[in-house]
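Atoms within a ligand are numbered from 1 in the order they appear, just like the ligands themselves.
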Amino acid sequence: MFASIVPHMRHALWLLATGFLLMLSGCVEKPSTLERIKEDGVLRVITRNSPATYFQDRSGETGFEYELVKRFADDLGVKLEIQTADNLDDLFARLGQPNGPVLAAAGLVSSGSRQQSARFSHPYLEVTPQIIYRNGQARPTEPKDLVGKKITVLKGSTHAEQLAELKARNPGLDYEESDAVEVVDLLRMVDEGQIDYTLVDSNEVAMNQVYFPNVRVAFDLGEARDQRWAVAAGTDNSLLHEIDGFLDKVRRNGTLQRLKDRYYGHVDVLGYVGAYTFAQHLQERLPRFEKYFQAAARQERVDWRLMAAIGYQESMWQASVTSKTGVRGLMMLTQSTAQAMGVANRLDARQSIFGGAKYFALIKDQLDESIQEPDRTWFALAAYNIGTAHLDDARKLAVDEGLDPNKWLDVKKMLPRLSQKKWYSKTRYGYARGGEPVHFVANIRRYYDILTWVTQPQGEGAAVADGNLHVPGVDKTRPAEQKNSPPL
Ligand code: BLG
């Protein structure tokens, strides 16, 4: 009897083993998240609609998070599909749902409670939470100064968690969490005096400072933290691993730094004071001259925001300035350039703007054909400041150094040499204040960037003069009753 059981047992064992193997192979065949993304050809990402993350502008989708995650999708060789969450709770709830977003790229900071529903990537941006107050009000300097004030933060944010901890120690502290607003709304509420304070991350302050001239940083609340991307909780590490590899790569190859400079760098360049001043002038001075910039730009077929950026660099949009060297007016024309452009009165803003735009278009046109955009625009700006002759000298110095005379990055290294005898003595046109055009171009690029965020391109209606400063990503969500409120 025993002998007759053995074959059965063997058979049963065999069945068990095959079943087990089949099960195993079933496991192996179940595609990982990463494999599924590649098979589908789509990376579904959830984010927030705000200037620091994702918004639509004249050229389509943009924003720091968008640009970073777009590069990741390109690296994977898949299409990017962006979804926006109504608020942070909604974002975490949707992450990892079947056929839902697999990745959250939304300026998120990891926290104990968030780690229960998500896993976080390597860091890509360091930010500091900052208490924001309104200029002209007493500046709070420590947490106990927040007691008795009206404070609003984003619902579900780590800032709300921070305030909850603070409240445990300062029971008098009161704050509201709102899920109907974005960070720009919070800053606007402080700017307009609707609330006393808010708590937001330093990168958002840097990015939005130019829209809200009254907004000031009171103090940093707590330590700097890292922003990270998030994937759903679970054990499948395939996507997270790929993300970490990507983030490490963009950090090493400089892509990450370039993005940071573009989105958050203007406060570094202008300084906070420069950013407030620019915000103020944007509202108080530009509206008077905007129609001239638009008309002159239309006539010369250039971007009016670039002309306005030149005007800001030259005179901070003031019509009757004169430099030490006798150059005058809003666009700082020399006497001979003014004559050549048919400008009779350099102190007349309209004439100055038309003369400046005409001169810019002319010198840009005269540049060597081998200089391509966008460098062509930067070269034309440099020539506006230093003249085409000296610019040509700098291009020749670049050739001597084995650099590319058609690349602004190379030629701007040579320009400062024009003020050193060792170098200018070898050039055709000799001495020039070569450092000036380098700053001139850098500043104008920064002003131009900001102007392209806050205004519309030519012919598309809304601009500063209408009081319709365009805050990326939020105009659509602004409550209807506020639509006719006065200019920012
Ligand atoms: C520019 C002229 C160029 C001229 C160069 O000087 O002025 N640009 C305009 O008038 C728009 O035409 O080139 S040249 O004609 O080929 O010689 C060189 O002479 C003006 C510059 C000079 C600069 N701002 C526009 O950028 C200036 O005023 N620098 C001095 C500043 S301060 O006095 O030290 O404060």
Taking only residues two or more places apart in sequence, or in another chain, which ones meet Arg350 in a side chain to side chain contact (heavy atoms under 4.5 Å, CB included)?
Tyr292, Asp348, Phe354
In short, Phe289 meets Trp317 closest at the heavy-atom pair CE1-O, 3.2 Å
How about Thr141 and Asp145: does a side-chain donor come under 3.5 Å of a side-chain acceptor?
yes
With salt bridge (charged side-chain N to carboxylate O under 4.0 Å, His left out) as the rule and sequence neighbours excluded, what pairs involving residues 206-224 come up?
none
Determine whether the side chains of His159 and Asp201 contain a donor N or O and an acceptor N or O closer than 3.5 Å.
yes
Taking any residue with a non-hydrogen atom under 4.0 angstrom from an atom of ligand 1, which ones do you get?
Glu314, Ser323, Lys324, Thr325, Val327, Met332, Leu333, Thr334, Thr337, Tyr359, Tyr384, Asn385, Ile386, Gly387, Arg433, Glu436, Phe440
For residues 133-140, which side-chain N or O atoms pair as donor and acceptor with protein atoms under 3.5 Å away, sequence neighbours left out?
from, atom 1, to, atom 2, distance (Å)
Arg134, NE, Asp191, O, 2.7
Arg134, NH2, Asp191, O, 3.1
Arg139, NE, Ala218, O, 3.0
Arg139, NH2, Ala218, O, 2.7

